[in-house]
Amino acid sequence: MYAQMVKSEAADDSAEAKAFQARIDAGEKIEPKDWMPAGYRKTLIRQMGQHAHSEIVGQLPEGNWITRAPTLERKAILLAKVQDEAGHGLYLYCAAETLGVSRDELTEMLLDGRMKYSSIFNYPTLTWADMGAVGWLVDGAAIMNQVPLQRTSFGPYSRAMIRICKEESFHQRQGYDIMMKMAAGTEAQKKMAQDALNRLWFPSLMMFGPSDKDSVHSTQSMAWKIKMNTNDELRQKFVDQTVPQAEYLGLTVPDKDLKWNDEKGGYDFTEPDWDEFFDVLKGNGPCNTERLAARNKAWDDGKWVRDGLLAHAEKRSIRKVAAQ
Ligand code: FAQ
């Protein structure tokens with residue numbers, strides 16, 4: 001169904017497409033039953049699917065620390081955060097389903113490599129300070145990207161983003177709270193916090209996608225208001241917001257060329273290593289194999305539940321027909 005539905009990506013200059021663009025330009029929301037160009041549907045399924053998968057795979061690096069949280073309170077908070085991420089994945093799968101793709105199809109595309117999830121989740125979480133850095137930096141980057149998406153043109157996506165952003169703000173604060181404790185702790189704790197920042201800084205900058213000159217989808221996605229900003233615009237905003245937060249913690253951003261630029265009203269900073277980024281996308285990051293193996297296992301382990309539910313639904317529908 002998915003392959004059939006999205007086979008045409010060609011630019012559409014029909015009267016319908018022009019009327020559609022006029023609706024977008026006027027700031028109207030597009031709803032699932034409205035006419036939309038095949039490319040708009042395809043781009044949304046790709047972006048929302050990738051976003052949903054990121055939330056689901058994104059549970060793994062933090063789930064890894066639930067049993068090792070230092071206090072009962074920290075454990076409860078982390079558990080709630082990871083559960084929120086599962087919830088975000090589910091809202092986003094539901095929103096994507098309104099475009100005519102099923103959650104099973106999306107999952108199969110993740111598992112066989114046709115769909116991606118965020119590069120950041122292919123990096124390991126080695127110490128408790130990484131839980132602070134993930135909340136602070138990864139959720140911080142996610143919020144920077146997702147707040148503008150609350151105004152995205154597709155109604156179900158935009159509404160899902162409103163709720164998700166509220167929860168992400170709590171996630172970011174809990175991460176920063178862990179960093180404040182660690183940075184104000186013993187020398188060893190402060191060192192651990194600095195080490196987490198050192199390892200996660202550049203992977204967090206990569207979350208915004210390749211630099212604008214290499215972004216394949218930005219121009220069309222921005223014309224359709226599927227994306228509201230370019231990758232570089234959001235990356236710059238993230239750096240400008242995060243550097244003072246690092247300073248407040250007494251930590252050093254691992255970029256010797258980081259410098260305030262009065263003229264542009266923002267920081268000059270070193271770009272991430274884009275070769276590393278594209279290599280991670282190809283499956284060669286430190287944890288790609290482990291992450292996909294975990295998702296495949298969950299899918300295989302859940303087969304008996306899916307089979308049971310389908311058999312039950314079938315039996316009920318046979319009974320209903322027989323009773324008519
Ligand atoms: N990772 O043409 P562009 C979260 C791919 S949520 C992997 O610029 P686009 C919450 C891109 O797909 C994090 N792939 O692409 C949380 C394309 O390849 P394709 C997820 C990436 O779509 C926190 C190619 O590169 N958030 O973290 C990445 O216009 C803590 C060319 O790039 C979202 O998904 C990447 N970082 O812009 C959970 C937000 N960047 O598909 C747990 C919505 C690019 O043609 C714990 N998504 N690619 O094969 C977006 O805003 C956009 O999709 C971008 C990429 C900005 C990510």
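Atoms within each ligand, like the ligands themselves, are counted from 1 in listed order. Every value quoted in this text rests on a predicted model; they were computed, and no experiment measured them.
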Is any heavy atom of the protein nearer than 4.0 Å to atom 20 (C) of ligand 1? yes
If only side-chain N and O atoms count, and only distance matters, is there a donor-acceptor pair under 3.5 Å linking Gln146 with His51? yes
Are Gln174 and His171 close enough that a side-chain donor and a side-chain acceptor fall under 3.5 Å? no
At a 4.0 Å cut-off, with the gap strictly under it, does some heavy atom of Tyr157 reach an atom of ligand 1? yes
Identify the closest protein heavy atom to atom 57 (C) of ligand 1: which residue and atom is it, and at what distance? Met207 O, 3.9 Å
Below 4.0 Å, non-hydrogen atoms only: which portion of Tyr117 touches ligand 1? Side chain, backbone, both or neither. backbone
Among the heavy atoms of Glu62, does any lie under 4.0 Å from an atom of ligand 1? yes
Keeping Asp34 on the side-chain end and Glu31 on the backbone end, is there a donor-acceptor pair under 3.5 Å? yes
Greater than 12 external heavy atoms within 6.0 Å of Arg173's CZ: no
What is the closest protein heavy atom to atom 33 (C) of ligand 1, and at what distance does it sit? His51 CG, 3.6 Å
Please write down residue, atom name and distance for the protein heavy atom closest to atom 4 (C) of ligand 1. Ala142 CB, 3.8 Å
Side chain, backbone, both or neither: the part of His88 lying under 4.0 Å from ligand 1 by heavy atom: neither
So, Asp130 and Arg199, do they make that salt bridge, N to O below 4.0 Å? yes
Proximal candidate to atom 10 (C) of ligand 1 [heavy atom criterion; set Lys81, Glu168, Glu85]: Glu168
If you take all heavy atoms of Leu44 and Leu99, which pair is closest and at what distance? CB-CD1, 3.7 Å
Any N/O pair Glu55/ligand 1 closer than 3.5 Å: no
Evaluating non-hydrogen atoms only, which member of His217, Gln47, Lys227 is closest to atom 55 (C) of ligand 1? Lys227
The one among Leu234, Thr43, Asn145 that brings a heavy atom closest to atom 51 (O) of ligand 1: Asn145
Given Tyr93 and His88, is the side-chain hydrogen bond (donor to acceptor under 3.5 Å, both in side chains) satisfied, shown in steps? CA-CA 9 Å; Tyr93 284 131; His88 298 173; over 6 Å; no
